[in-house]
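Since the structure comes first, as structure tokens, the remarks are kept for the end.
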Amino acid sequence: MKGGDEEVATPAGPPQPLDWKFSQVFGERIAGEEIQEVDIISAIEFDKTGDHLATGDRGGRVVLFERTDAKDHGLSRRDLERTDYPISRHPEFRYKTEFQSHEPEFDYLKSLEIEEKINKIRWCQTANSALFLLSTNDKTIKFWKVQEKKIKKISKIIADPSKAVGNGNVASSSNSNSPKPFPTNGVSPDRSCNHLGNDISFPPGGLPSLCLPVVVTSQETNLVARCRRVYGHAHDYHINSISNNSDGETFISADDLRINLWNLEISNQSFNIVDLKPANMEDLTEVITSAEFHPAHCNMLAYSSSKGSIRLIDLRQSALCDSHAKLFEESEAPGSRSFFTEIIASISDIKFAKDGRYILSRDYMTLKLWDINMDSGPVATFQVHEYLRPKLCDLYENDSIFDKFECCLSGDGLRVATGSYSNLFRVFGCAPGSTEATTLEATKNPMRRQVQTPSRPSRSLNSITRVVRQAETLGVDANGNSLDFTTKLLHLAWHPTENLIACVAANSLYMYYA
């Protein structure tokens with residue numbers, strides 16, 4: 001107490017580790033079932049509200065899911081807060097629609113096949129209850145509009161039978177024995193009544209009433225996906241990233257050597273803002289691996305490289321942003337360099353925190369959290385699967401060392417997550433003092449492979465190390481569980497406002513909540 005009346009606020013400790021539970025699964029694989037290559041999911045993304053989720057697969061399809069548990073109650077948030085009982089239902093999503101975004105193509109000039117696989121999906125701002133999103137394969141970006149439209153049906157209205165065309169009187173007059181007058185042109189008058197040209201004729205006795213088709217709009221609705229624009233022929237190399245700008249009007253696309261700036265309304269023109277291609281390709285030392293706009297400042301964006309560095313650039317400085325505003329990279333520890341140093345240092349994914357203060361990066365072995373105001377080194381480093389380090393040679397031989405894992409942050413910025421092998425993914429607490437390091441498996445029992453002795457995240461800026469029990473063999477993790485390097489969890493996404501993670505295991509989509 002202070003002065004007898006005021007309480008002294010004690011500093012709150014780090015948040016408690018979350019207790020993750022299985023929510024639901026779409027496309028669950030039956031034991032022994034063979035997975036088709038085109039069904040493997042290759043991209044995943046929540047929209048800004050978290051009410052919609054999009055996935056893209058290697059077959060060029062985009063599948064949309066929508067949240068249902070918030071709608072089922074039919075009450076406003078204020079009414080729910082007034083209720084006497086807590087609503088403890090876990091988040092639920094349902095299948096909404098799907099459409100074919102990309103088709104396989106062939107570049108005849110370069111004799112190159114362009115596969116239909118969806119590399120990235122990004123949601124755009126909604127308008128008039130319609131959903132908008134960008135999807136891209138290796139070469140072409142498409143802008144899609146998904147909207148509910150009322151189904152139009154055809155109904156028939158029968159005319160008055162008394163007004164039938166070609167009635168009995170006309171037919172009976174053709175059977176009379178009276179002489180038939182012929183006009184000067186030689187055409188019979190009954191032919192002029194019963195035959196309209198050479199193709200249309202009325203049967204004896206005339207026609208019944210005409211049925212006139214009328215289009216009627218029903219109350220039933222159908223989801224229709226329409227491609228609004230196609231942004232193509234702007235990248236010589238494979239597109240690895242697309243990112244929306246906070247201005248709602250522009251977006252960037254990045255390949256190995258260039259980053260282009262687009263306007264959503266203009267599909268035949270883009271501006272090249274980053275170009276790393278040297279005059280002589282033999283002088284090439286690094287490539288772009290990921291790029292993303294700042295969530296709040298429309299003039300700032302970051303991109304990562306295969307050398308393990310992140311560059312923050314400001315579009316206000318110059319039209320061509322080859323010179324960066326800030327460079328984030330970690331200095332190499334003396335004597336630690338090996339043949340694999342540059343390979344495992346390559347950053348496969350970067351994400352801005354919701355407030356734009358921090359950048360999360362994923363390389364092969366670690367997650368790193370960077371403060372954009374401090375470029376001396378990461379503020380935290382999390383070892384994802386340190387027990388694989390002694391076996392990097394074997395991982396190199398089977399090409400696993402080139403796997404590109406994605407990463408994500410929680411909406412409150414207190415936790416980060418990324419995937420690993422055997423369909424495992426890890427959640428780390430990044431609040432000061434947090435020791436949370438949870439291992440989950442993409443199954444209906446996510447805690448089955450839980451690590452019993454999680455290691456503390458390091459906060460040192462120079463020599464970042466962590467004590468992790470190393471596996472004796474390549475196929476065993478730190479807890480002695482066998483590892484399967486053919487099953488890898490590369491793609492995952494965190495709900496923007498809740499502790500809900502959606503992750504991909506081959507062709508299956510798993511969701512977990514806490």
Side-chain angles (χ1 to χ4, degrees), residues 8-21 23 46 50 295 310 328 330 347 349-387 405-420 424-442 446-469 477-479 489 492-503 511-514:
V8 178
T10 58
Q16 294 296 315
L18 296 177
D19 180 21
W20 292 94
K21 299 180 180 66
S23 176
F46 278 106
I310 301 172
F328 304 94
E330 190 173 15
I347 295 175
D349 189 29
I350 60 170
K351 292 286 194 312
F352 272 101
K354 194 174 183 179
D355 59 1
R357 172 69 183 272
Y358 297 95
I359 299 175
L360 180 68
S361 68
R362 169 69 203 264
D363 56 43
Y364 186 70
M365 299 296 291
T366 65
L367 273 174
K368 291 185 174 75
L369 190 66
W370 307 80
D371 186 336
I372 65 171
N373 296 326
M374 186 178 70
D375 54 7
S376 57
V379 295
T381 298
F382 309 96
Q383 309 290 348
V384 179
H385 37 219
E386 185 67 17
Y387 44 83
F405 293 94
E406 294 180 1
C407 58
C408 59
L409 299 94
S410 61
D412 55 15
L414 297 178
R415 294 172 180 86
V416 296
T418 191
S420 182
L424 301 177
F425 65 100
R426 306 206 66 189
V427 179
F428 299 96
C430 53
S434 174
T435 60
E436 182 176 357
T438 308
T439 301
L440 302 107
E441 184 179 8
M447 307 299 286
R448 187 177 67 175
R449 302 281 286 268
Q450 174 62 32
V451 175
Q452 300 300 323
T453 55
S455 49
R456 293 180 58 88
S458 172
R459 300 275 159 184
S460 171
L461 297 180
N462 297 320
S463 57
I464 299 176
T465 58
R466 178 175 293 183
V467 179
V468 176
R469 239 178 336 138
D477 66 8
N479 269 6
L489 200 149
L492 75 172
W494 202 305
H495 190 280
T497 58
E498 300 180 27
N499 287 321
L500 171 68
I501 293 179
C503 57
M511 295 188 185
Y512 303 94
Y513 72 100

Between the NE2 atom in His385 and the CZ atom in Phe405, the distance rounded to the nearest 0.5 Å is 5.5 Å
Would you name the heavy atoms of Ala353 and Pro295 that are closest together and state the gap between them?
O-CG, 3.5 Å
Closest approach of Leu500 to Phe46 (non-hydrogen atoms, all atoms of both residues):
CD2-CZ, 4.2 Å
To check you understand the geometry: which heavy-atom pair defines the closest contact between Ala502 and Met511, and what is its length?
CB-CG, 4.2 Å
Judged by atom type as modelled, is there a donor-acceptor pair below 3.5 Å linking the side chain of Glu330 to the main-chain atoms of Pro378?
no
Approximate separation, where rounding is to 0.5 Å, of Arg357 CZ and Phe352 CZ
12.5 Å
By side chain to side chain contact (heavy atoms under 4.5 Å, CB included) - contacts of Ala442 (at least two apart):
Asn423, Leu489, Cys503, Ala505, Tyr510, Tyr512
Could you walk me through whether Leu18 and Thr438 pass side chain to side chain contact (heavy atoms under 4.5 Å, CB included), step by step?
CA-CA 9 Å; Leu18 296 177; Thr438 308; over 6 Å; no
Between Gly411 and Lys354, the two heavy atoms sitting closest are O-CD, 3.6 Å
Kindly give the heavy-atom pair with the smallest separation between Pro14 and Gly433, and that separation in Å.
CG-O, 3.5 Å
The reported gap from OG1 in Thr381 to NZ in Lys368 (rounded to nearest 0.5 angstrom) is 5.0 Å
Could you grab the distance from atom NE2 of His495 to atom CD1 of Ile501, nearest 0.5 Å is fine?
12.0 Å
Nearest 0.5 Å please: distance from the CG atom of Leu367 over to the CD atom of Gln383.
9.5 Å
Any donor-acceptor pair under 3.5 Å linking the side chain of Thr418 with the backbone of Glu406?
yes
So, for Ser410 and Asn499, which heavy atoms are closest and what is the spacing to 0.1 Å?
CB-OD1, 4.4 Å
At what distance, to the nearest 0.5 angstrom, does CG of Leu409 lie from CZ of Arg415?
12.0 Å
Apply side chain to side chain contact (heavy atoms under 4.5 Å, CB included) to Ile310 and Ile350, showing your working.
CA-CA 9 Å; Ile310 301 172; Ile350 60 170; 4.1 Å; yes
Show, in sequence, the C-alpha distance, side-chain angles and deciding distance for Tyr358 and Val379, and conclude whether the side chain to side chain contact (heavy atoms under 4.5 Å, CB included) test is met.
CA-CA 9 Å; Tyr358 297 95; Val379 295; 4.3 Å; yes
